Amino acid sequence: MNDTETKKNKGGFGIIRTIVLVAAFAVLIYSGYQLYTIFHGYAAADHEYDTIQEEFTRPLDKPEKATPTPTPPPAEEAAPGRLIEDAEPPMAVDWEELKAVNSDIVGWIYVEGQNNISYPICKTINNEYYLHRTFRKDSLFAGAIFEDFCNSPDFSDPNTLVYGHNMKSGSMFGLLKNLKNQDKYDSNPYFWILTPNGNYRYHIYAAFNTPVDSDVYMLFSKQGQEFLEWETKMQSLSEVANSVPLSEDDYTVTLSTCTSDDSVRCVVMGKMVSSQRPES
């Protein structure tokens, strides 16, 4: 090989090496930008929501005399499997002020065992709008907690779907997966949906991972035997053992969030156990 060919080969290798180095640097810059975007999104979400409970809720007014707990309906009037577990709501929501911020807000979710899951619930004409918009309608990756657009806004459907992002910082539905742990479930298996028309308490009867196209997301036009069979199937899939009784006239709320696998969702399902019920 003569000197000319040697110089050509060295020049070629030099160009290739330069291209590789530039490509590696570009990947490094892009990865850094992606990390910045992710962590900036977490910080922005935390800033957006960290004072929301103080802004729009207050402790319940304590009556001078204790109000007796509502008496559950007599056994002969209650449907088989009907479970009444009344309790004092965790807070009072300033619905007038909250609705003034966004009329799309239909409720407030509070998970007793995971106190930082405490957010307004939005609902609009599709399931995309609030994926990356806050309850104030500002653009943000963390989005908002929102109800499926096919559901009734008063939570009167047999199965109401509520979605939220699984944020690594633990915000939104990031801690929902904790309720698949038996000890955490046993310590407090309840969540609340507070609405302008009533406050509803739910006893969790199922928590598990499921495919995105599973029967979990089935909607029902009415309660009845078919709905009860579906509830029973969901309970049998649960990763946490429980003996929550189920009934044909239950109201279920399904909380759903993403996982590290795009084809799988984490769901937590509860049945309404308050004597106060939506007018279906």
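Note: hydrogens, waters and symmetry copies are ignored here, and every other heavy atom, side chains too, is used. Numbers here are sequence positions counted from 1. As the structure is a prediction and not an experimental result, all values here were calculated from the model.
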Nearest atoms (heavy-atom pairs only) where T57 meets M91: CG2-SD, 3.5 Å
Reported CE-to-OG distance for the pair M272 and S247, which is rounded to 0.5 angstrom: 12.5 Å
Short side-chain to backbone donor-acceptor contact, Q223 and D249, under 3.5 Å: yes
Stacked cation flag R201 on F191, 6.0 angstrom / 45 deg: no
Backbone of G164 reached by a side-chain donor or acceptor of T257 within 3.5 Å: yes
Donor-acceptor contact present, side-chain H165 to main-chain C258, <3.5 Å: no
Atom pair CZ (F149) and CG (N127), whose distance is rounded to the nearest 0.5 Å: 5.5 Å
Closest non-hydrogen atom pair, N242 against Y185: CB-OH, 3.2 Å
Inter-residue atom distance L194.CG - N199.CG, 0.5 Å rounding: 4.5 Å
Test side-chain hydrogen bond (donor to acceptor under 3.5 Å, both in side chains) applied to N197 and T195, step by step: CA-CA 5 Å; N197 299 318; T195 79; 5.1 Å; no
Side-chain donor or acceptor of D250 paired with backbone N/O of K271 under 3.5 Å: no
Pair D86, S274: side-chain N/O donor-acceptor within cut-off below 3.5 Å: no
Side-chain donor/acceptor of E85 to backbone N/O of H203, under 3.5 Å: no
Residues R58, E97: salt bridge by 4.0 Å N-O rule: no
Test ring pair (Phe, Tyr, Trp, His ring centres under 6.0 Å) applied to F155 and Y200, step by step: CA-CA 9 Å; F155 298 88; Y200 311 126; 7.3 Å; no
Pair D104 + K123: basic N to acidic O under 4.0 Å: no
Pair V240-F208, side-chain contact (heavy atoms from CB on, under 4.5 Å): steps then yes or no: CA-CA 8 Å; V240 289; F208 56 98; over 6 Å; no
Atom pair CG (L237) and CD (E239), whose distance is rounded to the nearest 0.5 Å: 9.5 Å
Spacing of OG1 belonging to T210 relative to CZ belonging to R265, to within rounding of 0.5 Å: 10.5 Å
side-chain hydrogen bond (donor to acceptor under 3.5 Å, both in side chains) assessment of D157 paired with Y251: CA-CA 7 Å; D157 292 327; Y251 295 94; over 6 Å; no
N159 vs T252, side-chain hydrogen bond (donor to acceptor under 3.5 Å, both in side chains): CA-CA, chis, key distance, verdict: CA-CA 5 Å; N159 181 30; T252 281; 5.4 Å; no
Parallel, tilted or perpendicular: ring planes of F56 versus F135, cut at 30 and 60 degrees: perpendicular
Parallel, tilted or perpendicular: rings of W230 and F227 (30°, 60°): parallel
S118 versus W108, closest heavy-atom pair with distance: OG-NE1, 3.0 Å
Considering all heavy atoms, the nearest L98-P120 contact: CD2-CB, 4.2 Å
Heavy-atom pair with the smallest gap, counting every atom of M234 and A206: O-CB, 3.6 Å
Main-chain N/O of P189 paired to E112 side chain as donor or acceptor, under 3.5 Å: no
side-chain contact (heavy atoms from CB on, under 4.5 Å) evaluation trace for V267 with Y217: CA-CA 10 Å; V267 294; Y217 300 97; 3.5 Å; yes
Side-chain heavy atoms of N102 within contact of Y130, under 4.5 Å: yes
Min side-chain heavy-atom separation D138-R133 under 4.5 Å: no
Full working for side-chain contact (heavy atoms from CB on, under 4.5 Å) between I145 and F173: CA-CA 8 Å; I145 305 300; F173 277 175; 3.8 Å; yes
Polar side-chain atom of S214 near backbone of V216 as donor-acceptor pair, under 3.5 Å: yes
E147 CD to I109 CD1 distance, which is reported to the nearest 0.5 Å: 11.0 Å
Flag side-chain contact, heavy atom, 4.5 Å: Y119 against S171: yes
Student check: side-chain heavy atoms of N166 and L176 closer than 4.5 Å: no
Short side-chain to backbone donor-acceptor contact, N178 and N181, under 3.5 Å: no
Minimum side-chain heavy-atom gap I117-Y110 below 4.5 Å: no
Ion pair K233/D215, N-O distance below 4.0 Å: yes
Worked verdict on D261 versus T259 for side-chain hydrogen bond (donor to acceptor under 3.5 Å, both in side chains): CA-CA 5 Å; D261 184 339; T259 68; 5.6 Å; no
Closest approach of C266 to K177 (non-hydrogen atoms, all atoms of both residues): SG-CA, 3.9 Å
Side-chain heavy atoms of M218 within contact of F220, under 4.5 Å: yes
Sub-4.5 Å side-chain heavy-atom contact between N116 and L175: yes
hydrophobic_cluster_shared for V212 and L161, side chain cutoff 4.5 Å: no
Residue Q182 excluded, over 12 heavy atoms near CD under 6.0 Å: yes
Check: S238 side chain, A207 main-chain N or O, donor-acceptor pair, under 3.5 Å: yes
Flag if over 12 foreign heavy atoms under 6.0 Å of CD, Q225: yes
Verdict with supporting geometry, V162 and T254, side-chain contact (heavy atoms from CB on, under 4.5 Å): CA-CA 6 Å; V162 177; T254 298; over 6 Å; no
Parallel, tilted or perpendicular, as decided by the 30° and 60° cut-offs, for the rings of H132 and F141: parallel
N/O donor-acceptor pair under 3.5 Å between N209 side chain and V264 backbone: no
Validation row: I204, M269 side chains within 4.5 angstrom (heavy atoms): no
